[in-house]
Amino acid sequence: MDRGLGRGINIGNALDALDGGPELPLHERYFDEVAGAGFDTVRLPVRWSAHAAATAPYTIDPAFLARVDAGVHAALSRGLNVVVNVHHYDELCAAPAAHAPRFLALWGQIAAHYAGYEARLGFELLNEPHGALTASRWNPLLAQALAVVRASNPDRTVIVGPADRNDVAALPALAVPDDGHLLATVHYYAPLDFTHQGASWVAGADAWLGRGWEDAGDENAVRDDLAGAAAWGRQHGLPLFIGEFGAHERAGMDSRARWTTFVRSEAERLGMSWAYWEFGTDFGAFDPERGSWREPLRRALLGDPERTA
Ligand code: BGC
């Protein structure tokens, strides 16, 4: 993996699924679809915290590790980059001091397990730190987690993002450790009343149904947000990776395609790599039932097939 991840997609809600939420089986053929469509990267969110012991040494369930391995191998064997993260560790965000030792122990195990893997595997320390895991608590913890990873993986690409759920506005509060192999990540879901309209986990989101995305004000907001992130990246000499962006299936497809095209093109214009949220569930660019891409979203992400072939 060089420090750019190109064009990517999250295979979300597979290894990170929440109880009662959408769940995607991790079929090999999905990786064929992703590679065949022309993506460079798969971000593979993993909810390690739900599959590891609650007490020291916090051993990861070997059967679950084997499932993650299957996803990692499926991506690497098709020539894709793959990013493995720690996803949905909400207990850590609620009680950072109590969970920090477990978080670091998880990284100790993950890093040791994948130490011999090729450079196209990257690690992302934590998805969307939030709640009590504020910047002042997250900055020292991320430095500790990076040190744990570096003990076994001196050169591997490691991705770090700011508190406040990896919000672009939180970048200035991110303390970047001195390390030659980092990427910075942000997530982009603005405006939330468009991208999360009808989302069951966002209070009041049903009132947003019908919100389109089209006017110049909408475009300017995206432009400004991403330009701010790009300026921060230049200042810190760090390439930026928009690790998640997407609009929920309950938003209108025309607006979803326009928003996705615009965010994706702005990101590329600013030299950022990206990964769409997500492959095959409630934001899905791919329809697992029909076994085909949702063409407006596929085109928004990758353009004309002949240009990406
Ligand atoms: C979460 C998903 C959610 C998405 C958009 C992700 O980080 O894991 O559950 O659908 O963000 O809100």
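Being a predicted model, the structure only gives us computed values, none of them experimental. Counting starts at 1 for both ligands and their atoms, following the listed order.
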**Student:** Provide, to 0.1 Å, the distance between atom 2 (C) of ligand 1 and the closest protein heavy atom, together with that atom's residue and name.
**Tutor:**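 Checking every protein heavy atom, the shortest distance to atom 2 (C) of ligand 1 gives W277 CZ2, 3.4 Å.
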**Student:** Using the ring centroid of each side chain, check whether W107 and F123 are separated by less than 6.0 Å.
**Tutor:**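 Under 6.0 Å, so yes.
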**Student:** From atom 5 (C) of ligand 1, work out which of H196, E244, H248 has a heavy atom at the shortest distance.
**Tutor:**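 Among H196, E244, H248, the closest heavy atom to atom 5 (C) of ligand 1 belongs to H196.
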**Student:** Is the shortest side-chain heavy-atom distance between L297 and M253 below 4.5 Å?
**Tutor:**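 In short, these two side chains touch, coming nearer than 4.5 Å.
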**Student:** Specify the protein heavy atom at minimum distance from atom 8 (O) of ligand 1: its residue, its atom name, and the distance to 0.1 Å.
**Tutor:**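 In this structure, atom 8 (O) of ligand 1 has H87 NE2, 2.6 Å as its nearest protein heavy atom.
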**Student:** Can the ring centres of Y188 and W274 be said to be less than 6.0 Å apart?
**Tutor:**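 Centroid separation for Y188 and W274: 6.0 Å or greater.
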**Student:** Verify salt bridge (Lys or Arg N to Asp or Glu O under 4.0 Å) between E91 and R102, making sure each step is shown before the conclusion.
**Tutor:** CA-CA 11 Å; E91 304 89 332; R102 187 167 182 255; 5.6 Å; no
**Student:** Just which atoms of ligand 1 are under 4.0 Å from any heavy atom in Y189?
**Tutor:**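 Heavy-atom distances to Y189 below 4.0 Å select 4 (C), 5 (C), 11 (O).
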**Student:** Using distance alone, determine whether H88 and ligand 1 share an N or O pair under 3.5 Å.
**Tutor:**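 It does: an N or O of H88 is found under 3.5 Å from an N or O of ligand 1.
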**Student:** Determine, using ring centers only, whether Y276 and F245 are less than 6.0 Å apart.
**Tutor:**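 Here the rings of Y276 and F245 have centres that are less than 6.0 Å from each other.
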**Student:** Which part of D282 is near ligand 1, with near meaning a heavy atom under 4.0 Å away: side chain, backbone, both or neither?
**Tutor:**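 It is neither part, as no heavy atom is under 4.0 Å.
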**Student:** Relative to the heavy atoms of N127, which atoms of ligand 1 are at a distance of less than 4.0 Å?
**Tutor:**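 Going through ligand 1 atom by atom, the ones under 4.0 Å from N127 are 7 (O).
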**Student:** For a side-chain contact (heavy atoms from CB on, under 4.5 Å) with R137, tell me which candidate from N139, L141, L133 qualifies.
**Tutor:**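 The side-chain contact (heavy atoms from CB on, under 4.5 Å) with R137 is passed solely by L133 among N139, L141, L133.
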